[in-house]
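Single-structure report; data block below.
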Amino acid sequence: MANDFPPSLLARLADARRVVVLTGAGVSAESGVPTFRDAQIGLWARYNPEELATPEAFRRTPRLVWEWYAYRRRLVEAVAPNPAHHALVDLERRMAGFTLVTQNVDGLHRRAGSRNVVELHGSLARYRCFADGAPVERWVEADEPPPRCPRCGAHVRPDVVWFGEALPIEGWAAAVEAAASCDVFLCVGTSGLVQPAASLPLLARRRGAYVAEINLRPSALDGTLDAHLYGPAGALLPALVAAACGERPH
Ligand code: BJW
């Protein structure tokens, strides 16, 4: 497997002082979490995720959107990180400067042991008030879901970033800073369709970073890349980390 990697990628990774990895839903696919744009399954097969992940959908059909997120939260609680998540933990241990920027809301990177993680699109594990955005940790169940904010009575919503909403300010600033100053930027398992996350590899490349992607197929980022590796992240990432950083101390 090591011989299949572009030598330029192995050399840049081996010498890198700062590495950024941007992950998307594909990194969790081998854990059994459906990707965002793959066909949804079971009860949810007839809904379009792009239409459910909006404040308008929550306003219009709060119970439906709440139940979709409750279903997804139960699903991620029942699965485990896969070899791709673990390879990123290993990479972080071997790199002085490492930032993991994830678009995923499933928490699997932290559960695997990654430490410097920026969650750009929030987390299924947290909630906030739909009226003022303040964190909500406990609530009184309403007659029908979603529950109500104990302070103001507005609906409680998942603490994720929906279309048309701003990303967390500090997380976005940290991601921009890391992308602008890294030597290697790896995109893993993302379609590269959603802004502003998809602008990060472009920024990194403009600032001189080597940009590569791991995906099952070419993504929308294809034209931005110095190298692409096509195949499952769960196989490619551990092999890449071993090939490029095998000599680095843990
Ligand atoms: C594998 C694999 C394996 C499978 N191994 N690979 C500029 C131009 C055009 C539009 C916009 C723009 N700027 C903003 C917009 C609008 C919008 C946007 O980008 N729309 C596009 C869709 C056109 N962006 C926004 O609205 C953002 N907000 C914003 O810009 O606000 C401005 C603002 C500023 C100030 C004040 C107010 C507003 C917010 C975007 C939020 C995105 N949120 C979601 C939902 C999160 C909650 C939830 O999960 O329900 O985030 S959408 C969804 O897409 C989710 C994901 O994180 C995100 C990215 O998807 P991802 O991860 O790439 O998944 P997939 O399914 O698309 O791809 C999986 C990939 O894995 C595939 O390529 C597979 O091949 C691969 N794969 N198995 C390796 N085993």
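Heads up: numbering here begins at 1 and tracks the sequence. Start at 1 and go down the list; that is how both ligands and their atoms are numbered.
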Best match, R217, Q195, E165: closest heavy atom to atom 18 (C) of ligand 1: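 Of the listed residues, Q195 has the closest heavy atom.
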
E51: partners by salt bridge (charged side-chain N to carboxylate O under 4.0 Å, His left out), with sequence neighbours left out: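 E51 satisfies salt bridge (charged side-chain N to carboxylate O under 4.0 Å, His left out) with no other residue.
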
Is the closest heavy-atom distance from S219 to ligand 1 below 4.0 Å?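 Heavy atoms of S219 never come under 4.0 Å of ligand 1.
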
Give the residue, atom name and distance (to 0.1 Å) of the protein heavy atom nearest [atom].
| atom | result |
| --- | --- |
| atom 80 (N) of ligand 1 | E30 OE2, 2.8 Å |
| atom 64 (O) of ligand 1 | A25 CB, 3.5 Å |
| atom 26 (O) of ligand 1 | G164 N, 2.7 Å |
| atom 54 (O) of ligand 1 | R37 NH1, 3.1 Å |
| atom 76 (C) of ligand 1 | N215 OD1, 3.2 Å |

As an exercise, identify every atom of ligand 1 less than 4.0 angstrom from a heavy atom of [X].
| X | result |
| --- | --- |
| A29 | 78 (N) |
| V160 | 47 (C) |
| G24 | 62 (O) |
| V194 | 19 (O), 40 (C), 42 (C), 54 (O), 58 (C), 59 (C) |

Can you classify the ring geometry of F36 versus F163 as parallel (below 30°), tilted (30 to 60°) or perpendicular (above 60°)? perpendicular

Nearest-0.5 Å distance that lies between atom CG in L88 and atom NE2 in H109: 6.0 Å

To the nearest 0.5 Å, tell me how far R128 CZ sits from D159 CG. 4.5 Å

Partners passing side chain to side chain contact (heavy atoms under 4.5 Å, CB included) against H155 (at least two apart in sequence or in another chain): F58, P62, F130, P146, R148

